[in-house]
Amino acid sequence: MYQYTSFDAQFVKQRAAQYRDQLERNLAGKLGDEEFRPLRLQNGWYVQRHAPMLRVAVPYGELNSRQIRALARIAREFDRGYAHLTTRQNVQFNWIPLNRSADVMDVLADVGMHGIQTSGNCIRNTTSDCFAGVAPDEIVDPRPYCELLRQWSTLHPEFAFLPRKFKIAVSGALEDRSAIAWHDIGLQLLKNEAGEVGFKVLVGGGMGRTPVIGTVIREFLPWHQILVFIEAIVRVYNRHGRRDNMYKARIKILVKAEGPRFIQDVEEEFLAILNHDVDGDAHLIPQSELDRVSASFVLPEGVAPIESDFEVADDAPVAYKRWLERNVHGHKIAGHRAVTLSLKRLGQAPGDATDEQMERAADLADRYSHGELRVSHDQNLVLPWVRESDLFALWQAARDAGYASPNIGLLTDMINCPGGDFCALANARSIPIAQAISERFDDLDELYDIGDIDLHMSGCINSCGHHHSAHIGILGVDKDGKEWYQVSLGGSDGSRISGDAVPGKVIGPSFAADEVPDVIEAVIETYRGQRAANELFIDTVRRIGLDSFKAAANAARRSTAKAS
Amino acid sequence: MKFIDPHHDRWHTIVGEDGPMVTLSPAPYSLLTLLQWHAVRSRWPVDMPVGVAIGNADEIEDLKPDLPRIALVALNFPKWVDGRAYSQARLLRARFRFTGEVRATGEVLVDMMPLLQRTGFDAVVLRSDQDLETARRALTFFPGHYQGDVQDNRPPFNREAA
């Protein structure tokens, strides 16, 4: 992973010092709460239902064992003993008092971490494929480009106060594991016929109240122009994006409203930078800089192809075989695998890890994965460099640490926001619903029979739980001060099994909290009753349409039966 | 960075009872609205210093032909979290090579200082409750940055080549 230079390390420390100065002025009454707010947000500090929430940046999801140990320490010493992994590959804490926040930033800075631009109306932490650099289907390793984007976007002076937040995702593989079409800018690395590397550039995707799939603005942009092209996009947005209505302020609204003119504006701005600005070529990336950054992303020492003679004994434990099937993934280096540590298990909120579990994850990473971990978009941890010969030992250790639920990609591997239990924005709780669904579907045979399926849940329309892109989406809504849940079907994040990115369709009026597990079960039973041989849930939904699912869901209504 | 004391500022706006006056006589160090400037630009004396205040929604490009005659451009922050003026300042400097004063007005807070300086502002009128020492300190935290800016056009990775 990327190795901090002395400049990077110093920069993060100075950011922590700057934050401490701002916090002290706030606590001394010299900087009002309203004016402190945007400053603390751009360092990851929200004020939530119970206490401030801290969102720590994990650039494109890469962590080392030292860093996750620091996160464990923060959970233990400053929080209530746990943290939460997010869909944008970041890590959140929920119970840290604001007056200790500057101390936490110092602890983070010591391990090269921070909360820079994890919130606020700025360019957020760039996300990518959790299997970057190891995936067998990779065209180009996205990590060096992500790192170049991280550096360019960090404290960019012109783009700190955009109309609204701005998210960039990068994929470098055949399979899109980063939901790029759902981002303000989605980048797909590819090679042209001459073998040159470039980006397909999408712009204006987003969730929220108005789900929009990104528009392709360039089919092939030479890689070295990427910073200038993004500068052009963000400048057009900064100047012309709406600021009168927060709900219409994302770039997707500008792209929709302007249509082809938006693309023309961006292309003109791009040319104007290159042709007219003082040193307009200054942010074209030279090969030497790509090489410098790429040097951080070579194979870890000792990782080399080994002859693959991996076999599973017939009498191996069933649980181990299942784990191999679901949690162990292909690797581009022979004799190696990537392994998902599942953070989806009964008794804990999806994506949550205790300080002890984080310590154990660090141990597993040190022992089996060259000290490296990834945070996945699906809120799990990934060990990217596991030898096949270590798999059985790793399975045993992961099981002991509570990480071996063999459910990756299955119904209980759901994406979930923290919801109304923590989040001040949420209309409804999501954790108890997730728990109820996990309890309902706790039979592994049944889960395997249902097969691959994306269930995502958001506690409000801000869509942190990505309900729009789910095969089954659940959205918490508030009516008359009570919690209700809207269910949608047929969405896609753009992955291979899900097809082109598309928002799901709502299947009728919202349901009461206690009806949701029954509704999900009714929907699943409809699928099992109507599926063709080997047909996935999403394919059945597309083939037969929503009517029979709607009917089954409505039949599961109890308290809402009269209302609907 | 020049910190402007509004009580000792040689620049003055031309305001009548109903807002900016459209009919006005050229006077040195007038800070005009874009509308006022357009009304008088053809008869403004060549050596008489003039400033123009641009709104966030105004197209900064419209001012380009007149920039050699203009000594000061004032950009506005209606709210301090509205970042449009940063782009305007950057365009004035990097694209139009404006060498006069670029002044930040409106809700200008001390914590904006690094952004203002790096996008090309060289003068600020701080909101009246802001502390000058804190503003100066805000400029000292970072010895360097990842990306080029108006002060130093090139990012670290392209400086050697320059």
Engineer: For A/Glu35, is it the side chain, the backbone, both or neither that has a heavy atom under 4.5 Å from a heavy atom of chain B?
Structural biologist: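 Interface part for A/Glu35: both.
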Engineer: Between B/Pro155 and A/Ala282, which heavy-atom pair has the shortest distance, and what is it?
Structural biologist: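 Looking at all heavy atoms of both residues, the closest pair is CD-O, 3.2 Å.
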Engineer: Please say whether more than 12 non-hydrogen atoms of neighbouring residues, nucleotides or ligands are located less than 6.0 Å from CD in A/Gln287.
Structural biologist: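 Result for CD/A/Gln287: enclosed.
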Engineer: Measure the OG1-CG distance between B/Thr134 and A/Leu31 for me, rounded to the nearest 0.5 Å.
Structural biologist: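 Going from OG1 on B/Thr134 over to CG on A/Leu31, the span is 9.5 Å.
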Engineer: Could you check whether B/Asp82 pairs with A/Arg243 (Lys NZ or Arg NE/NH1/NH2 to Asp/Glu carboxylate O, under 4.0 Å)?
Structural biologist: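 Looking at B/Asp82 and A/Arg243, the cut-off is met.
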Engineer: With rounding to the nearest 0.5 Å, note down the distance linking CD in A/Gln18 to CG in B/Asp111.
Structural biologist: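 Those atoms lie 7.0 Å apart.
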Engineer: Within the distance-only criterion (no hydrogens, no angle test), does the side chain of A/His283 pair as donor or acceptor with the backbone N or O of B/Gly148 below 3.5 angstrom?
Structural biologist: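 Yes, the answer is positive, given that a donor and an acceptor are paired below the 3.5 Å cut-off.
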Engineer: Using non-hydrogen atoms and a limit below 4.5 Å, what part of residues 262-273 of chain A faces chain B?
Structural biologist: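 A/Glu269, A/Ala272, A/Ile273, listed by number.
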Engineer: How about B/Pro156 and A/Glu289: do any of their side-chain heavy atoms sit closer than 4.5 Å?
Structural biologist: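 B/Pro156 does not reach A/Glu289 side chain to side chain.
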Engineer: Would you say B/Asn153's side chain and A/Asp279's backbone share a donor-acceptor pair under 3.5 angstrom?
Structural biologist: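 It does not hold such a pair.
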Engineer: If I compare all heavy atoms of B/Val81 with all of A/Pro38, which pair ends up nearest, and what's the gap?
Structural biologist: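 Shortest heavy-atom separation between B/Val81 and A/Pro38 comes out as CG1-CG, 3.7 Å.
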Engineer: What I'd like to find out is whether the side chain of A/Phe159 reaches to under 4.5 Å of the side chain of B/Tyr86, using heavy atoms alone.
Structural biologist: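 Result no, sub-4.5 Å side-chain heavy-atom pair not found.
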Engineer: So which residue, A/Gln151, A/His276, A/Gln10, ends up with the most heavy-atom pairs under 4.5 Å with chain B?
Structural biologist: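 It is A/Gln151.
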Engineer: Do A/Phe7 and B/Tyr146 make the cut of ring centroids closer than 6.0 angstrom?
Structural biologist: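 Yes, the ring centres sit under 6.0 Å apart.
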Engineer: Where the side chain of A/Asn238 meets the backbone of B/Gly83, is there a donor-acceptor pair that is under 3.5 Å apart?
Structural biologist: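 Answer holds: yes.
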Engineer: Salt bridge or not between B/Asp129 and A/Lys30? Use side-chain N to carboxylate O under 4.0 Å.
Structural biologist: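 Looking at B/Asp129 and A/Lys30, the cut-off is not met.
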Engineer: Rounded to the nearest 0.5 Å, what separates atom CZ in B/Phe141 from atom CD in A/Gln22?
Structural biologist: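 So the CZ of B/Phe141 and the CD of A/Gln22 are separated by 7.5 Å.
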Engineer: Can you name the side-chain contact (heavy atoms from CB on, under 4.5 Å) partners of A/Val197, sequence neighbours left out?
Structural biologist: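 So A/Val197 forms a side-chain contact (heavy atoms from CB on, under 4.5 Å) with A/Val140, A/Tyr145, A/Leu189, A/Lys191, A/Trp223.
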Engineer: Quick one: which residues of residues 88-98 of chain B reach chain A at under 4.5 angstrom, heavy atoms only?
Structural biologist: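 Under the 4.5 Å heavy-atom cut-off, B/Arg90, B/Leu91, B/Arg93, B/Ala94, B/Arg95, B/Arg97 qualify.
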Engineer: Is there a donor-acceptor contact under 3.5 Å linking the side chains of A/Glu158 and B/Ser87?
Structural biologist: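 Yes, side-chain donor-acceptor contact under 3.5 Å.
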Engineer: Could you grab the distance from atom CE of B/Met112 to atom CZ of A/Phe161, nearest 0.5 Å is fine?
Structural biologist: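 Here the rounded value is 7.5 Å.
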Engineer: Below 4.5 Å, heavy-atom pairs only: which of A/Arg150, A/His240, A/Gln14, A/Arg15 has the largest tally toward chain B?
Structural biologist: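 The candidate making the most pairs under 4.5 Å is A/Gln14.
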Engineer: More than 12 heavy atoms of other residues, nucleotides or ligands under 6.0 Å from CZ of A/Arg20: is that the case?
Structural biologist: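 Count over threshold, so yes.
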Engineer: What part of A/Ser288 gets closer than 4.5 Å to chain B, counting heavy atoms only: side chain, backbone, both or neither?
Structural biologist: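 Neither the backbone nor the side chain of A/Ser288 comes within 4.5 Å of chain B.
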Engineer: What part of B/Val110 gets within 4.5 angstrom of chain A, counting heavy atoms only: side chain, backbone, both, or neither?
Structural biologist: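 B/Val110 touches chain A through side-chain heavy atoms alone.
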Engineer: Are B/Glu59 and A/Arg239 close enough for a salt bridge, meaning some N to O gap below 4.0 Å?
Structural biologist: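 Counted as a salt bridge, because a side-chain N and a carboxylate O are separated by less than 4.0 Å.
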Engineer: Give me the contact list for residues 118-127 of chain A versus chain B, heavy atoms only, anything under 4.5 Å, ordered by residue number.
Structural biologist: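 The residues closer than 4.5 Å to chain B amount to none at all.
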Engineer: Between A/Asp281, A/Ile285, A/Asp8, which residue shows the highest count of heavy-atom pairs closer than 4.5 Å to chain B?
Structural biologist: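 Max contact count across the listed options: A/Asp8.
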Engineer: Less than 4.5 Å apart, side chain to side chain, heavy atoms only: is that true for A/Phe11 and B/His145?
Structural biologist: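 With C-beta onward as the side chain, the pair touches.
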Engineer: Measure the CZ-CG distance between B/Phe157 and A/Leu290 for me, rounded to the nearest 0.5 Å.
Structural biologist: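 Here the rounded value is 10.5 Å.
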